Structure formats: C-alpha cells, structure tokens
Amino acid sequence: MQGRSSGIGYGLKYQARCISDVKADTDHTSFITGTLSLREENEVHLIRLSSDGTELVCEGLFSHPNEIWDISSCPFDQRIFSTVYSTGESYGASIWQIPELYGELNSPQLERITTLDGGVGKIKSIIWWPSGRHDKLISIDEQNISLWSLDLSKKAAQVQSKESAGLVAQSGGAWDPHDMNAVAVTCESSIQFWDLRTMKKTNSIEHAHVRNVDYNPKKTHILMTAEDESGIRIWDLRKPKVPIQELPGHTHWTWTVRCNPEYDGLILSSGTDSTVNLWLSSAPSNYESITESPVESPSKRIDPLLHSYSDYEDSIYGLTWSSREPWIFASLSYDGRVVVESVKPFLSRK
C-alpha cells in the first residue's frame, strides 16, 4: 500500500541524520535532533507535538560545535542527552544538559556535563539502557565496546570496562531491554553479542552489511536487523543460524529498523529509497502467545507491508517511535526534514 505523507512536518536549517524520542518527557510527545553541517554552526532542536496534534513546535534551539552523527536522549531525565560528533578529523562524544529556561528566543547554551574520551577510538554510537534509571552507558567505536559509569551529580563518566572486538569495524548496536547485561553490536560482516559482566563475546550472526539492529521490547530473544540489500530479517537468538522471518525492505539500502514499543509485531523501516515502510511481522515461531494483533484480520493479510510513506525527497536515516504515544513515529530525511506520522489507521479498533 503506497501513500503520500499526511504527516506533520518540521524543517531543520541544515542536513541531518539522527533523531531520538525524548522518553523521559511523560507530559509531551517530544523529539530531539541535530544537524550535520560541515561549515556552519550546527544545531540541536528540541521539538514537541502540540497538544492538539496539529503542529511541531520548537521548544529549544541550541548551538552545537560539531557535526552530529548520533543523538540519544537520556531515558530518565528529559534535559539530558548524548551526541557523537565529528571534528572533521576525529570523532568524539559528550553528555549534554539542556538549560531550564529553554523556549526563549535567545536560548542559553547547552551545558556539557562530560566528555567520553577515555582513550577510546573513533566513537560511532552511544547507547543508554532502554528505560528507567541506570548509571551505565555503552560507547561503541570502530574497534572497542566500552561500558561507562555515569555520575551526573559529579558531572563525570569513567570507563568501567573495555574490550576489543578484534579487527572488525563496528558501527553501532542495541542494548537488550530484557537483560541489562546483554548488548548486540553491528560489525562489517556480523552481529556480535556481548555479556557486559565479563566483556566477552557470547555469540554472533554472520551476515554482511547489517546497518541497524533493534530488539523486540515485547518478546525476549527476538532481534530485527536492517541489511543493505537483503531488507529486514527477524531472528530468534536461541536459534541464530537462520532468520525466522524475512521482509523485503526497500528498493535501495535498508538503513534503519525500529520495533514498536507497545504493539508487538509492528515494525518501521527506512532506507535510501526515500521511504518509510510500516510492517506487520507474523513470524509464527516467536509470536505463539499473542492473543490479539494490532492489525485487524492478520490471518487474511498475505503482504506484511501495511503502508509505505513515500512523500520524501532524500534518504531517511533517522527513525524513532514515540514511547509516550506508541502509534506515533518521527522520521528524519537527510535534507533536514522531520515528519511525524500516526499509524492509528492501521491499528485494530478497540
């Protein structure tokens, strides 16, 4: 099912690649995003969906010294977030705090709480524990996975443990929401699974060109992968040799995959074909216990593609569900356009 966007748009001044749901803001549907300009002063935008759901409002606009390649909001404090940035020659990462008086025309500067510079390599992503208060952070650089202890009161972060993944270039990963000691890391030719207690690799799935991974928050042992040309694969990590379901993905590279935080089996993907796809997974071996589907008459639906949002003009690298309103998602295309959509038309009527 194809369709032009009926979503709510918001334009950034420069190109951009990353957007994050502000999970700790339980009063508003909020997102944070940052720009990727080589020559201009980069910006962090805090945006909120209006109470009537008709527009996206900028609640804070802050300068950021470098190109932002990764942004992630703290799951327990809505004013805190992390960025991974490029200085042109190297990558760095910092934890920031938004000043209390945001919303003004002349917003005060972001406060840099701490920099993650404990002798690590070229950092590619920062991962927070998925929900609730947790004093640990994970940084993934090209060669290492590092576990940090974060002390916000002292404005400090220290490497608690670090381990090299070998000679395989790493690009990102995901923290298992069912196990705070387990993390999946994407590499050039595999997905590696690590135990943070021992900092040892416990397993791997050998697949080339995995761009992105996401755990199913409603089911243990279930992982989704976005792969360049192969589309989306769904894995049961107890049987990791073959996927339990494959979805066709996109007409060009499939870049990002996101599992819905509330509706089991509902998946978003985005790609370099300038589309966002909404899927319904029906892998039989991992959803035996499901009692109701988020979509009407799933047994009659052969095509897992529920809808394709195609009203974009550039590659879509940023994608996130809202945890506060799980029928809403935000996408970010490389030209700096944020679009917020509702998938309510595809949910079953209660």
Side-chain angles (χ1 to χ4, degrees), residues 1-12 16-26 28-34 45-50 52-57 70-73 75 130-131 174 177 211-218 224 226 232 247 249-250 254-281 293-295 304-312 314-348:
M1 179 178 179
Q2 297 286 330
R4 293 183 67 80
S5 170
S6 57
I8 302 161
Y10 176 92
L12 307 182
R17 295 178 73 101
C18 50
I19 190 168
S20 174
D21 171 43
V22 183
K23 189 175 295 186
D25 186 356
T26 56
H28 311 89
T29 299
S30 303
F31 306 97
I32 192 166
T33 182
H45 293 244
L46 176 65
I47 53 181
R48 287 178 179 164
L49 188 63
S50 61
D52 60 2
T54 60
E55 63 177 331
L56 286 169
V57 180
D70 178 76
I71 194 166
S72 187
S73 183
S131 62
R211 290 285 179 183
N212 194 236
V213 297
D214 196 26
Y215 283 94
N216 184 332
K218 307 299 286 184
M224 321 284 171
I232 300 161
L247 303 173
H250 293 255
T254 303
W255 199 271
T256 308
V257 62
R258 291 287 179 266
C259 302
N260 189 280
E262 186 62 35
Y263 301 108
D264 187 28
L266 208 58
I267 301 168
L268 283 174
S269 66
S270 66
T272 53
D273 60 353
S274 308
T275 61
V276 173
N277 287 337
L278 176 66
W279 307 90
L280 176 65
S281 164
S293 169
V295 179
L305 180 62
L306 300 180
H307 193 69
S308 185
Y309 302 87
S310 56
D311 191 20
Y312 302 88
D314 213 333
S315 299
I316 302 166
Y317 299 118
L319 190 64
T320 182
W321 290 103
S322 165
S323 55
R324 181 175 177 268
E325 296 184 278
W327 56 89
I328 286 174
F329 72 87
S331 59
L332 172 67
S333 50
Y334 187 60
D335 55 7
R337 183 167 178 248
V338 178
V339 177
V340 169
E341 297 270 7
S342 171
V343 301
K344 268 191 173 179
F346 306 100
L347 303 181
S348 61

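Just so you know, residue 1 is the first one in the sequence shown, and it goes up from there. As a basis for the values below, the full set of heavy atoms in this structure was taken, side chains included, without hydrogen atoms, waters or symmetry mates. What you are looking at is a predicted structure, and each value in this text was computed from that prediction instead of being measured.
- Distance check, rounded to the nearest 0.5 Å: CG of Asn260 to CG of Leu280 gives 11.0 Å.
- Side-chain atoms of Asn277 do not come within 3.5 Å of backbone N or O of Ser269 as any donor-acceptor pair.
- Expressed to the nearest 0.5 Å, how far OG of Ser72 lies from CD1 of Ile32 amounts to 9.5 Å.
- Checked by atom type and distance alone, the side chain of Ser342 never pairs as donor or acceptor with a backbone atom of Ile328 at under 3.5 Å.
- When all heavy atoms of Thr33 and Cys18 are compared, the closest pair comes out as OG1-O, 2.8 Å.
- A heavy-atom distance below 4.5 Å is not found between the side chains of Leu305 and Leu278.
- Judged as a side-chain contact (heavy atoms from CB on, under 4.5 Å), and not counting sequence neighbours, Thr26 has no contacts.
- No side-chain heavy atom of Phe346 sits under 4.5 Å from any side-chain heavy atom of Trp327.
- For Ser322 (side chain) and Arg324 (main-chain N/O), a donor-acceptor pair under 3.5 Å exists by modelled atom type.
- Smallest separation of non-hydrogen atoms from Pro217 and Pro261: CG-CA, 3.8 Å.
- Contact of the Leu266 side chain with the Leu306 side chain is registered, since non-hydrogen atoms from C-beta on lie closer than 4.5 Å.
- Trp321 and Pro326 get closest at one heavy-atom pair: CE3-O, 3.3 Å.
- Distance check: Asp314 CG to Tyr334 OH gives 8.0 Å after rounding to the nearest 0.5 Å.
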Check step by step if side chain to side chain contact (heavy atoms under 4.5 Å, CB included) holds for Thr254 and Arg211. CA-CA 8 Å; Thr254 303; Arg211 290 285 179 183; over 6 Å; no
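- Taking 4.5 Å as the limit, every side-chain heavy atom of Thr256 sits out of range of all side-chain heavy atoms of Ile316.
- In this structure, Ile47 CD1 and Ser30 OG are separated by 9.0 Å, a value rounded to the nearest 0.5 Å.
- Residues Thr320 and Asp21 bring no donor and acceptor atom of their side chains to less than 3.5 Å of each other.
- Side-chain contact between Arg258 and Met224 is absent, with no heavy-atom pair separated by less than 4.5 Å.
- Contact check for Thr272 versus Tyr317: side-chain heavy atoms found under the 4.5 Å cut-off.
- In this structure, Pro130 and Pro177 approach most closely via the heavy-atom pair CG-CA, 3.8 Å.
- Partners of Phe31 under the ring-ring contact (aromatic ring centres under 6.0 Å, His included) rule, at least two apart in sequence or in another chain, do not exist in this structure.
- Between the Ser50 side chain and the Glu55 main chain, a donor and an acceptor come within less than 3.5 Å of each other.
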If you apply the rule side chain to side chain contact (heavy atoms under 4.5 Å, CB included), what do you find for Val276 with Glu341, and how did you get there? CA-CA 10 Å; Val276 173; Glu341 297 270 7; over 6 Å; no
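- A donor-acceptor contact shorter than 3.5 Å links the side chain of Asp214 to the backbone of Cys259.
- Put simply, the side chain of Leu12 reaches to within 4.5 Å of the side chain of Leu332, judged on heavy atoms.
- No side-chain donor-acceptor contact under 3.5 Å links Ser270 and Tyr312.
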Using the rule given for side chain to side chain contact (heavy atoms under 4.5 Å, CB included), can you reason through Phe329 versus Leu319, listing the C-alpha separation, both sets of side-chain angles and the distance that settles it, and then say yes or no? CA-CA 7 Å; Phe329 72 87; Leu319 190 64; 4.1 Å; yes
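- In this structure, the side chains of Leu49 and Leu56 come closer than 4.5 Å at one or more pairs of heavy atoms.
- Across all their heavy atoms, Ser315 and Ser274 have their closest contact at N-OG, 3.8 Å.
- Here the closest non-hydrogen pair linking Lys218 and Glu262 is CE-O, 3.5 Å.
- Rounding to the nearest 0.5 Å places OG of Ser73 at 11.5 Å from CD1 of Ile19.
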Under the criterion side chain to side chain contact (heavy atoms under 4.5 Å, CB included), I'd like the reasoning laid out for Asp311 against Arg337: C-alpha separation, chi angles, the key distance, then a yes or no. CA-CA 11 Å; Asp311 191 20; Arg337 183 167 178 248; 4.1 Å; yes
